[in-house]
Structure formats: C-alpha cells, structure tokens
Amino acid sequence: MEQCASVEREVDKVLQKFQTYGQHCEQSLEELLHYVGQLRVELASAALQGTPLSATLSLVISQCCQKIKDTVQKLALDHKDIHSSVSRVGKAIDRESTLNVDLDFKQPFLELNQILEALHKHDLGPALEWAISHRQRLLELNSSLEFKLHRLHFIHLLAGGLNKQLEALSYARHFQPFAQLHQREIQVMMGSLVYLRLGLEKSPYCHLLDNSHWAEICETFTRDACSLLGLSVESPLSVSFASGCVALPVLMNIKAVIEQRQCTGVWSHKDELPIEIELGMKCWYHSVFACPILRQQTSDSNPPIKLICGHVISRDALNKLINGGKLKCPYCPMEQNPADGKRIIF
C-alpha cells in the first residue's frame with residue numbers, strides 16, 4: 001500500500017502541473033493575441049497615412065516581439081518541467097515494482113537492440129551475423145532479410161566508386177544462394193557496375209543509393225526478429241489505444257442511434273457489436289469472416305460457404321436465399337444448386 005501511495009503522489013503532482021500549465025498557456029495566448037491585435041491596428045494606420053513608423057510604434061513592436069519571445073521561452077521551460085515530472089512517475093513505478101528480470105530472458109532483447117543501433121549507424125556486420133546464425137528459421141518464415149542485408153552491403157561498396165569495384169564483384173558471390181528467388185534484383189545490381197566509371201548517382205541506377213533502404217532494413221529486421229521471438233512488432237497497448245481511437249467515434253454514433261430509436265435486442269448473447277467496425281488492414285490479426293449479407297461473424301454453427309461463382313457468404317444467408325430449390329448469387333446473376341456450395345475453413 002505504501003508503494004502504491006508513493007506512485008499516486010507522483011501522479012497527483014503531474015496532474016496538478018498539467019492543470020497549471022493549461023491555465024498558463026490559455027492566459028499567455030490571450031495576451032499574445034492582444035499584442036498582435038494592437039500591432040495590426042498601428043501598422044494599418046501607418047500604412048493608410050503613408051508615413052514611416054514612429055519611434056513610439058517602433059517601441060511597441062519591439063516590446064511585442066520581446067513579449068512573444070519571453071512567453072515562448074516560459075512555455076518551453078514549463079513543458080520541460082512537466083516532462084521531468086512524467087519521467088519521475090515511470091522511475092517511481094520501476095523503483096517500487098522491485099522486478100528482477102532473469103538475464104537469460106533479457107539477453108535476446110539486448111542483442112536485438114545492439115543490432116538495431118548498429119544498423120542506424122550503417123553497420124551491417126552484427127545484423128549479418130545474426131541472420132546467418134538464424135538462417136534456417138528465417139527460411140521457414142519466408143524471410144528475405146539475409147538477402148537484403150547482402151544487397152545493402154553490395155550497394156554500400158558500389159557507393160565507393162571504381163576503387164571498390166573489385167571488392168564489389170568479389171562480394172557478389174554471396175548472392176548465389178538467392179539467385180532463384182531474387183534473380184531480377186541481382187541483375188539490376190550487377191548491371192549498375194557498368195556505370196561506376198561515370199558515377200552511380202548520375203546513372204539509371206541512382207535509386208540504389210537512396211537512404212530509404214536503411215530505414216527499410218531496420219523495419220525488416222525488427223519484424224523478422226520479433227517473429228522469431230514470438231512477439232508483436234508494435235506494443236499491444238499502443239495498438240489497442242490506436243484501435244480504440246478509430247472505433248470510439250463509431251461506437252458513440254451507434255449508442256446515440258440506439259438511444260434515439262429505443263432499439264432493444266441489438267446486442268447478441270456473445271456481446272458482439274451489431275455492425276462491423278473497419279479498423280484497416282493494419283489491425284487484421286486473425287482469419288475472421290463476416291457475412292456480407294447478414295453482417296454477422298461466422299461461427300462453427302454458421303460457417304462461411306463458397307459458391308460456385310467464387311463469392312462467399314454464411315450458411316444462414318445461403319438458406320435464406322434459396323428459392324424453389326435454387327440459389328441465385330446476391331453478387332452476380334449465376335444461378336446454382338445450393339448443395340454445390342463448399343464450406344471454407346480458415
């Protein structure tokens with residue numbers, strides 16, 4: 001209880017500072033708007049009269065600029081103080097939690113962070129060693145990480161010009177195991193050697209020198225390394241928060257409609273939403289199918305059924321669409337026998 005009280009006190013301090021900061025920001029903004037308004041009036045008057053700025057007006061402008069500068073500096077200092085307070089909350093939680101993490105558990109994460117730091121410094125050595133040591137598991141994931149690392153090292157050599165030509169040709173032997181899957185990319189890299197004398201940056205292969213390749217390799221390494229460790233690339237908390245931000249406005253609209261129309265029984269016994277909320281492809285983690293006709297998620301008792309024409313609906317929807325022993329697809333004019341539909345298992 002004492003430990004929780006310590007953390008709670010730090011949180012209260014942060015909340016109090018946020019409130020004070022908000023009030024100060026509002027007051028400062030009103031003062032700045034007042035000064036800007038005065039300046040506009042004075043400048044407009046001077047422009048209409050066609051007279052140069054008076055000593056008084058010049059003084060007002062100077063004072064206003066200084067006031068703006070002082071206000072911005074004050075807000076920056078307040079923000080820095082708040083950031084420091086927020087950091088203390090995290091440190092208080094870490095200090096009171098007294099968690100002892102086993103070194104064997106931490107080691108893979110420490111290694112991955114060290115490799116990422118090296119990649120940010122354009123050092124491919126640690127990442128290549130890691131990829132080679134985990135080659136078999138990466139192949140099982142259909143990962144192209146090792147090839148991309150060799151490719152980036154080859155491009156790094158190309159950037160050295162003619163002085164690195166022989167070294168680049170020698171290093172090209174690393175592409176042999178990947179020739180079947182990445183033939184086109186290898187051909188492009190080998191073709192770029194012809195332009196080394198003229199300068200690769202002025203050739204049709206100048207895109208190879210784009211710095212975006214380094215950002216891409218960091219992303220690829222993080223994704224594949226997390227897959228091997230059975231981890232999510234992104235924080236589950238941040239993903240849940242982002243999904244909630246997308247879904248909440250829709251849910252509020254649904255709630256308003258339900259209350260306005262006094263609808264009852266719109267929620268199923270499983271507490272499922274009465275409509276499907278689209279969160280985007282980024283938030284697709286499971287193979288789930290919602291019937292496009294009945295707008296409900298399929299289940300073992302109501303599985304997805306593929307029709308002869310290729311369209312997929314739920315079994316309940318199929319049964320409702322049967323007319324005279326025949327079924328007409330709701331998406332195309334093909335008429336078919338309902339018994340020809342096949343169940344799909346995700």
Side-chain angles (χ1 to χ4, degrees), residues 108-234 239 280-287 310 312 344 346:
F109 299 96
L110 294 174
E111 182 184 10
L112 297 186
N113 282 325
Q114 290 171 356
I115 294 173
L116 276 175
E117 288 179 4
L119 286 176
H120 287 305
K121 297 176 182 177
H122 293 192
D123 181 7
L124 295 167
L128 273 169
E129 291 180 8
W130 185 90
I132 293 171
S133 62
H134 295 82
R135 177 178 294 167
Q136 187 57 41
R137 295 183 63 190
L138 288 172
L139 289 175
E140 293 172 359
L141 293 174
N142 294 323
S143 169
S144 59
L145 175 62
E146 186 179 351
F147 168 74
K148 288 183 177 180
L149 288 168
H150 285 303
R151 175 178 178 269
L152 196 54
H153 184 74
F154 182 82
I155 292 173
H156 179 69
L157 293 175
L158 291 180
L162 285 175
N163 293 333
K164 295 288 185 177
Q165 184 176 21
L166 294 179
E167 188 176 349
L169 283 170
S170 177
Y171 193 84
R173 290 179 294 182
H174 289 88
F175 296 139
Q176 184 176 356
F178 311 100
Q180 186 174 358
L181 294 176
H182 302 278
Q183 180 180 359
R184 175 59 182 165
E185 293 171 272
I186 295 173
Q187 288 175 343
V188 169
M189 286 186 288
M190 300 310 295
S192 66
L193 290 168
V194 178
Y195 291 88
L196 281 185
R197 187 175 297 277
L198 298 176
L200 205 60
E201 64 279 357
K202 300 178 182 179
S203 73
Y205 299 92
C206 59
H207 63 278
L208 295 177
L209 303 177
D210 197 327
N211 281 330
S212 63
H213 295 306
W214 289 99
E216 179 188 353
I217 201 65
C218 290
E219 181 180 345
T220 302
F221 173 79
T222 302
R223 183 184 66 248
D224 292 349
C226 288
S227 296
L228 291 187
L229 293 173
L231 299 173
S232 172
V233 177
E234 298 182 73
V239 172
M281 290 292 296
K282 188 178 181 180
C283 292
W284 283 25
Y285 300 103
H286 306 284
S287 299
V312 181
I344 295 179
F346 289 104

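The analysis underlying the following values was restricted to heavy atoms, covering all of them including side chains, and did not include hydrogens, waters or symmetry mates. Keep in mind the model is a prediction, meaning the values are calculated, not measured.
Considering CG of L128 and CG of L149, their distance stands at 4.5 Å, rounded to 0.5 Å. Taking CG of L152 as the start and CE of M189 as the end, the distance is 10.0 Å to the nearest 0.5 Å.
Residues forming a side-chain contact (heavy atoms from CB on, under 4.5 Å) with L162 (at least two apart in sequence, or on another chain): Q165, L196, R197.
Contacts classified as side chain to side chain donor-acceptor pair (under 3.5 Å) and involving residues 178-189 (residues at least two apart or in different chains) are given here: H182-E185. Within the structure, the side chain to side chain donor-acceptor pair (under 3.5 Å) test picks out no pair touching residues 113-127 (sequence neighbours left out).
The nearest pair of heavy atoms linking L229 to P108 is CD2-CB, 4.0 Å.
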For residues 167-179, run the donor-acceptor check on the side chains, cut-off 3.5 Å, and write out each pair with its distance to 0.1 Å, sequence neighbours left out.
from : atom 1 : to   : atom 2 : distance (Å)
E167 : OE1    : K164 : NZ     : 3.4
S170 : OG     : R173 : NH2    : 3.0
Y171 : OH     : H150 : ND1    : 2.7
R173 : NE     : S170 : O      : 3.1
H174 : ND1    : Y171 : O      : 2.9

Please report, to 0.1 Å, the donor-acceptor pairs under 3.5 Å made by any side chain of residues 208-222, with sequence neighbours excluded.
from : atom 1 : to   : atom 2 : distance (Å)
D210 : OD1    : S212 : N      : 3.0
D210 : OD1    : S212 : OG     : 3.4
H213 : NE2    : H207 : O      : 3.1
E216 : OE2    : K148 : NZ     : 3.4
T220 : OG1    : E216 : O      : 2.9
T222 : OG1    : C218 : O      : 2.8

Distance-only donor-acceptor pairs under 3.5 Å for side chains of residues 130-139, two or more places apart:
from : atom 1 : to   : atom 2 : distance (Å)
S133 : OG     : E129 : O      : 3.2
S133 : OG     : W130 : O      : 2.8
H134 : ND1    : W130 : O      : 2.8
R135 : NE     : E146 : OE1    : 3.0
R135 : NE     : E146 : OE2    : 3.4
R135 : NH2    : E146 : OE2    : 2.7
R137 : NH2    : L228 : O      : 2.8

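Around atom NE2 of H156, no more than 12 heavy atoms belonging to other residues, nucleotides or ligands sit under 6.0 Å away.
Looking at heavy atoms from C-beta onward, L158 lies in side-chain contact with S192 at the 4.5 angstrom threshold. Looking at heavy atoms from C-beta onward, F147 lies in side-chain contact with I186 at the 4.5 angstrom threshold. Under the 4.5 Å side-chain criterion, counting only non-hydrogen atoms from C-beta, P204 is in contact with Y195.
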